[in-house]
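Right, one structure below, let's go through it.
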Number of protein chains: 2
Amino acid sequence: MLTSVDADLIRALADPLRLRIVTLLAKETLCTTHLVEETGAKQTNLSNHLKVLREAGVVETEPCGRFTYYRLRPDAIARLAGQLAELADSARSAADRKRTCP
Amino acid sequence: MLTSVDADLIRALADPLRLRIVTLLAKETLCTTHLVEETGAKQTNLSNHLKVLREAGVVETEPCGRFTYYRLRPDAIARLAGQLAELADSARSAADRKRTCP
DNA sequence: TGAAAGTATCAGCACATGCTGACATCAGTC
DNA sequence: GACTGATGTCAGCATGTGCTGATACTTTCA
C-alpha cells in the first residue's frame, strides 16, 4: 500500500525563503533575530513564514526570555523523505506497467 | 557537507493536482486521456501541469502513435527523498547546537 | 485527402499567496 | 512603573500561479 505524500508538509517547504530557513535551522537552533540577520528578510515576513512552518509541524518553538528559539523537527522532514522514497520505489516497480491506450 | 534541497523539484510537487498526477503515475504509466479520466480535470489544465513536471524532470514522455505516455522518473523522486533525509539527519545532530542570544 | 481524436500552446481572468508598514503584546531593564 | 527590544498579528497591496476557452498541430483512419 502506498502511503500518500503529505501535501501540506511539502507545500510548507516549497517556498524559497522557507526552504532557506529550514536549511539554516538544520545546522543549528536559532531565534528570529538570527534569521533576520542570516536571510536579510524583514522580521514581519519571517514571522509569517515561521508561522506556516510551525503549523505544518516542521519547526517547534522554545521561548527563552524575550527571545523565541526555532528548532527543526527532524521527524517531520524524515517522514516526508520516507514517503517520497516509498513513492520512488513504487514508481520503479511500476515502470513497465502501462495501461493500454483507450 | 549538506547538499541543498532542490527548490524547483519540491515546488513542482507542491501543487495538489501535480501531486495527484505523480501518485497516479507511481502506480502505472498513463497517457493524458487516462489522467483526464482519473482526475476529472480539464485536458488543458493537465497539459499545463504535465509541462511543469516535465521541465522539473519528474516525468518523461514517450510518444505512442497519437498518444503520449507519461512515466515517472523514480530517480528524481529518490534524489529529493535523499536530500530531505540528509537534511533530517543534519537537523538531528544539530538539535542541541544553539546559537547564543544576541 | 478529409475527418476525428489526442495533445500542446496561448491569452485572459480570478484567486491565492507573499511582502510590507502599522500596530499590539510580552519580557527584561532602568 | 516607564522604556526598550523581540516577536506576533493584521490590513492592504502586488505579484505569481492556476484555471479556462479558443486554437493549432500531429497522427490515425476512412
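Throughout, protein chains are lettered first and strands after them, A, B, ... in sequence-line order, and every chain is numbered starting at 1.
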Checking R20(B) against D15(B) for the salt bridge (Lys or Arg N to Asp or Glu O under 4.0 Å) test, could you report, in this order, the C-alpha distance in whole Å, the side-chain angles of both residues, the deciding distance, and whether it holds? CA-CA 9 Å; R20(B) 181 93 189 283; D15(B) 182 85; over 6 Å; no
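If R66(A) and Y70(B) are placed on DNA chain C by their nearest nucleotide, the residue sitting closer to the 5' end is Y70(B). Judged by closest nucleotide on DNA chain C, N48(A) is the one of N48(A) and G65(A) placed further toward the 5' end.
You'll find that the side chain of T44(B) is closest to dT9(C), out of dT9(C), dG8(D), dT17(D). For L17(B), counting side-chain heavy atoms from C-beta on, the closest listed nucleotide (dG18(C), dC19(D), dT7(C)) is dC19(D).
Side-chain atoms of Q83(B) come within 3.5 Å of backbone N or O of D6(B) as a donor-acceptor pair.
Side-chain nitrogen and oxygen atoms of K42(A) include at least one within less than 4.0 Å of the OP1 or OP2 phosphate oxygen of dG21(C). Taking only side-chain nitrogens and oxygens, H49(A) comes nearer than 4.0 Å to OP1 or OP2 of dC19(C).
Rounded to whole Å, the distance from CG on L13(B) to P on dG18(D) is 13 Å. Counting to the nearest Å, the P atom of dC29(D) and the CZ atom of F67(B) are 9 Å from each other. When the C1' atom of dT7(C) is taken as reference, atom CG of L30(B) falls 15 Å away, rounded to whole Å. Between the NZ atom of K51(B) and the C1' atom of dC19(D) there is a distance of 15 Å, rounded to whole Å. One atom, CZ of R11(A), and another, P of dT17(D), lie 12 Å apart when rounded to the nearest Å. Between D15(B) atom CG and dT17(D) atom P there is a gap of 11 Å when expressed in whole angstrom units. Summarising the geometry, the separation between CG on N45(A) and C1' on dT7(D) is reported as 14 Å, rounded to the nearest angstrom. L46(A) has its CG atom 11 Å from the C1' atom of dT7(D), to the nearest Å.
E62(B) has a carboxylate O that lies under 4.0 Å from a charged side-chain N of R71(B), or vice versa, which qualifies the two as a salt bridge. The pair K27(A)-E38(A) does not count as a salt bridge, with every side-chain nitrogen at least 4.0 angstrom from each carboxylate oxygen.
Evaluation of atom-type donor-acceptor distances gives no pair under 3.5 Å for the side chain of Q43(B) against the base of dG6(C).
Contacts of T68(B) with the nucleic acid, taken as non-hydrogen atoms under 4.0 Å apart, involve only primed sugar atoms and P, OP1 or OP2. T32(A) comes within 4.0 angstrom of sugar-phosphate atoms only, judged by non-hydrogen atoms across all strands, and of no base.
Within the structure, the side-chain hydrogen bond (donor to acceptor under 3.5 Å, both in side chains) test picks out the following pairs touching residues 48-58 of chain B (sequence neighbours left out): R18(B)-H49(B), N45(B)-H49(B), R54(B)-Y70(B).
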